Amino acid sequence: MDTDHHSEAPKASVKALLDGAFPVNETVTVEGWVRTRRDSKAGFSFVHVNDGSCLANIQLVANQDLDNYASDVLRLTAGSALRCIGTVVESQGKGQSVEIQVQSIDVLGDVEDPDTYPIQPKKHSYEFLRSVAHLRPRTNTFGAVTRIRHRAARAIHQFFDDMGYFWINTPIITASDAEGAGQLFRVSTLDMMNLPQTDAGAIDYAQDFFGRETFLTVSGQLNVEAFCLAMSKVYTFGPTFRAENSNTSRHLAEFWMVEPEVAFADLADLSQLAEHFLKSVFAEVLEHCGDDMAFFADRVEPEAITRLQNVIDQPFVQLDYTEAVEILQKSGRDFEHPVAWGTDLQTEHERFLTEDHCQAPVVVKNYPDAIKAFYMRLNDDGQTVAAMDVLAPGIGEIIGGSQREERLEVLAKRMAQHGLDGGDYEWFLDLRRYGTVPHAGFGLGFERLLNYITGLSNIRDVIPYPRTPKSAPF
RNA sequence: UCCCCGGUAGCUCAGCUGGUUAGAGCGGGUGACUGUUAAUCACUAGGUCGUUGGUUCGAGUCCGACCCGGGGAGCCA
């Protein structure tokens with residue numbers, strides 16, 4: 001337990017101390033960053049210290065008889081880093097069960113200019129905190145986000161592991177565009193000031209690093225399908241890149257996506273998987289991040305905890321796209337965008353369905369063929385595909401998925417209709433030539449999930465370093 | 001990319017229809033007081049009002065352009 005050769009006292013995280021892992025009268029080493037300091041002229045100071053292990057701080061009580069009381073303790077300000085050796089004692093004050101009676105305190109790093117240190121014990125705007133992304137982990141809010149993000153990621157892996165899925169690390173660099181649109185980040189080592197050209201005057205990508213055009217992945221789905229049709233149950237969980245000029249609170253240029261892919265499964269199996277998946281992750285977060293969730297319920301979104309519990313307790317509402325259109329048309333609402341069968345649901349329509357009509361997560365299934373991607377399975381009606389979106393109140397689309405087109409002829413025809421070059425996708429068609437089976441999968445935006453869990457409304461506040469159009473600092 | 005809104009002290013903001021030396025709270029410093037809890041009280045330091053043109057006797061305030069940020073829309077996860 002004692003890995004610190006500077007002292008004999010075992011290191012104690014703030015979380016362990018407040019959990020009662022160290023008995024009263026034990027001598028421990030506490031390390032962390034000062035949040036607040038209050039001095040008593042009776043001859044001692046209270047120093048609240050946070051080490052990120054939990055939301056709460058540990059209170060140090062430092063007496064004036066310490067050698068460095070005047071020189072160091074009285075000069076501690078928010079953000080100072082310290083190591084302290086002290087005794088666990090029952091607190092004489094209210095607000096905490098135990099505190100540390102300091103035996104020695106060592107300032108590891110003071111704050112150069114306390115007057116301009118950005119993180120103060122006060123409310124800051126999220127916009128301001130984004131401008132100090134390297135310091136915002138020291139705030140209560142971002143610390144809580146960080147712990148919940150970790151727990152949710154862990155819960156996702158746990159869920160799939162329990163269900164017999166394998167985690168597949170699909171490539172970040174890819175030559176294909178899974179969405180069929182020009183929205184990719186180019187990966188190149190060519191000298192942009194001196195681009196090699198072909199005889200025809202085009203850029204000669206044969207001279208580029210990979211000998212062809214390459215991009216950052218927009219989805220691991222196509223690659224993971226190959227493993228699905230061998231391992232049966234697989235998923236990806238990794239960074240994803242979209243070069244869309246989207247300036248909203250729900251879009252990032254770099255985000256993390258979870259994409260399960262299941263063999264021998266249809267759309268009904270998939271929507272059931274999505275529901276179990278979300279419920280499992282929410283339950284895990286509620287169980288393990290109680291303090292952090294209580295913080296969000298108190299400061300950010302009063303319903304943060306209750307709505308997660310409601311999702312866990314209630315079955316998701318299942319709607320056919322056609323049904324959803326009818327509900328919207330009969331709603332009597334004066335929508336800005338008209339509702340018509342054959343057009344995609346607009347944000348205002350999705351919000352009505354999930355926030356007003358159902359007041360719960362909604363699974364909308366079987367969309368018109370024309371508005372969905374080429375790889376989605378054509379239904380027997382010849383007009384719709386076996387696609388589904390899971391819509392969450394306040395967030396909108398959180399999951400998008402489909403049963404995949406496993407029939408070679410139908411897939412080839414759909415690819416041609418979408419103008420996709422068969423050559424780059426021959427390997428994808430191979431999967432339909434050799435032992436094809438019905439299979440299905442979905443994509444979940446990890447940050448959107450975190451927005452829903454925490455109640456934070458901006459996606460830039462649930463990822464450590466947000467990348468958005470015209471913005472990639474730090 | 002489109003439509004709105006904004007940019008004043010380290011932070012959060014106020015500053016009316018243009019008018020002398022631009023204000024508050026928090027934070028910082030100093031002092032008082034207290035087993036304190038984002039303590040309290042007093043004093044104090046701190047601002048080329050996003051940039052740049054223009055209108056005017058006079059611009060934080062009005063107009064144009066640009067930069068940056070936010071909200072909404074589209075696209076999507």
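Please read these numbers as outputs of a predicted model, since none were measured by experiment. The sequence lines fix the lettering, A, B, ..., with proteins before strands; numbering per chain opens at 1.
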In whole Å, what separates the [atom1] atom of [N] from that of [M]?
N     : M     : atom1 : answer
B/C57 : B/A45 : P     : 37 Å
B/G23 : B/G47 : P     : 13 Å
B/A24 : B/A42 : P     : 13 Å
B/G50 : B/C67 : C1'   : 8 Å
B/A9  : B/C5  : C1'   : 23 Å
B/C41 : B/U55 : C1'   : 49 Å
B/U8  : B/G69 : C1'   : 15 Å
B/G53 : B/A59 : P     : 14 Å

Original post:
For RNA chain B, what are the stems built from at least three Watson-Crick or G-U pairs in a row, each pair having both distances below 3.5 Å?
Top reply: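 Result, WC/G-U stems under 3.5 Å: B:1-7 with B:67-73, B:10-13 with B:23-26, B:28-32 with B:40-44, B:50-54 with B:62-66.
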Original post:
Does the distance from a Lys or Arg side-chain N to an Asp or Glu carboxylate O, for A/E355 and A/R351, drop under 4.0 Å?
Top reply: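 A/R351 and A/E355: salt-bridged.
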**OP:** Determine, for A/D461 against A/R130, whether the closest basic-nitrogen to carboxylate-oxygen distance falls under 4.0 angstrom.
**Re:**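 Yes, this pair counts.
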Can a side chain N or O of [X] be found less than 4.0 Å away from OP1 or OP2 on [N]?
X      : N     : answer
A/R250 : B/A73 : yes
A/N458 : B/G71 : yes
A/Q183 : B/C75 : no
A/R75  : B/U30 : no
A/T347 : B/G74 : yes

Which atoms of nucleotides 39-42 of chain B (N or O only) lie under 3.5 Å from a protein N or O atom, and what are those distances?
unit_1: B/A39; atom_1: OP2; unit_2: A/R38; atom_2: NH1; d: 2.1

Subject >> A/H349 and A/R333 side chains, donor-acceptor separation under 3.5 Å >> reply: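 On atom types as modelled, these side chains do not qualify, holding no pair under 3.5 Å.
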Original post:
Distance only, no hydrogens: is a donor on one side chain within 3.5 Å (strictly under) of an acceptor on the other, for A/R138 and A/Y117?
Top reply: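 Per modelled atom types, A/R138 and A/Y117 side chains form a pair under 3.5 Å.
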**OP:** Please identify each residue that fulfils side-chain hydrogen bond (donor to acceptor under 3.5 Å, both in side chains) with A/H157, with sequence neighbours left out.
**Re:**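 side-chain hydrogen bond (donor to acceptor under 3.5 Å, both in side chains) check on A/H157 returns A/Y235.
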Subject >> Results of side-chain hydrogen bond (donor to acceptor under 3.5 Å, both in side chains) for A/N140 - residues two or more places apart only >> reply: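 A/R35.
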Original post:
What residues, two or more places apart in sequence or in another chain, satisfy side chain to side chain contact (heavy atoms under 4.5 Å, CB included) together with A/D106?
Top reply: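 A/D106: side chain to side chain contact (heavy atoms under 4.5 Å, CB included) contacts with A/R83, A/L108.
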Subject >> Whole-Å distance separating the CD atom of A/Q221 from the P atom of B/A77 >> reply: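 One finds 10 Å between P of B/A77 and CD of A/Q221, rounded.
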Original post:
What is the ring orientation for A/F160 with A/Y165, classed by angle as parallel under 30°, tilted 30 to 60°, or perpendicular over 60°?
Top reply: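 Rings of A/F160 and A/Y165: tilted, as their planes differ by 30° to 60°.
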**OP:** Quick one: sort the A/F428 and A/Y425 rings into parallel, tilted or perpendicular, breaks at 30° and 60°.
**Re:**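 Taking A/Y425 first and then A/F428, their aromatic rings stand perpendicular (interplane angle over 60°).
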Extract from the structure each pairing of a protein N or O with an N or O of nucleotides 7-11 of chain B at less than 3.5 Å, listing the distance.
unit_1: B/G10; atom_1: N2; unit_2: A/Q120; atom_2: OE1; d: 2.8
unit_1: B/G10; atom_1: N2; unit_2: A/Q120; atom_2: NE2; d: 3.3
unit_1: B/G10; atom_1: N3; unit_2: A/Q120; atom_2: NE2; d: 3.3
unit_1: B/C11; atom_1: O2'; unit_2: A/K122; atom_2: NZ; d: 2.9
unit_1: B/C11; atom_1: O2; unit_2: A/K122; atom_2: NZ; d: 3.1

Subject >> Identified side chain to side chain contact (heavy atoms under 4.5 Å, CB included) counterpart of A/V30 within the set A/D51, A/L82, A/I58 >> reply: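 Checked A/D51, A/L82, A/I58 against A/V30; only one passes side chain to side chain contact (heavy atoms under 4.5 Å, CB included): A/I58.
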Subject >> Proximity of A/F241 and A/F255 rings by center, below 6.0 Å >> reply: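 No, the ring centres sit 6.0 Å or more apart.
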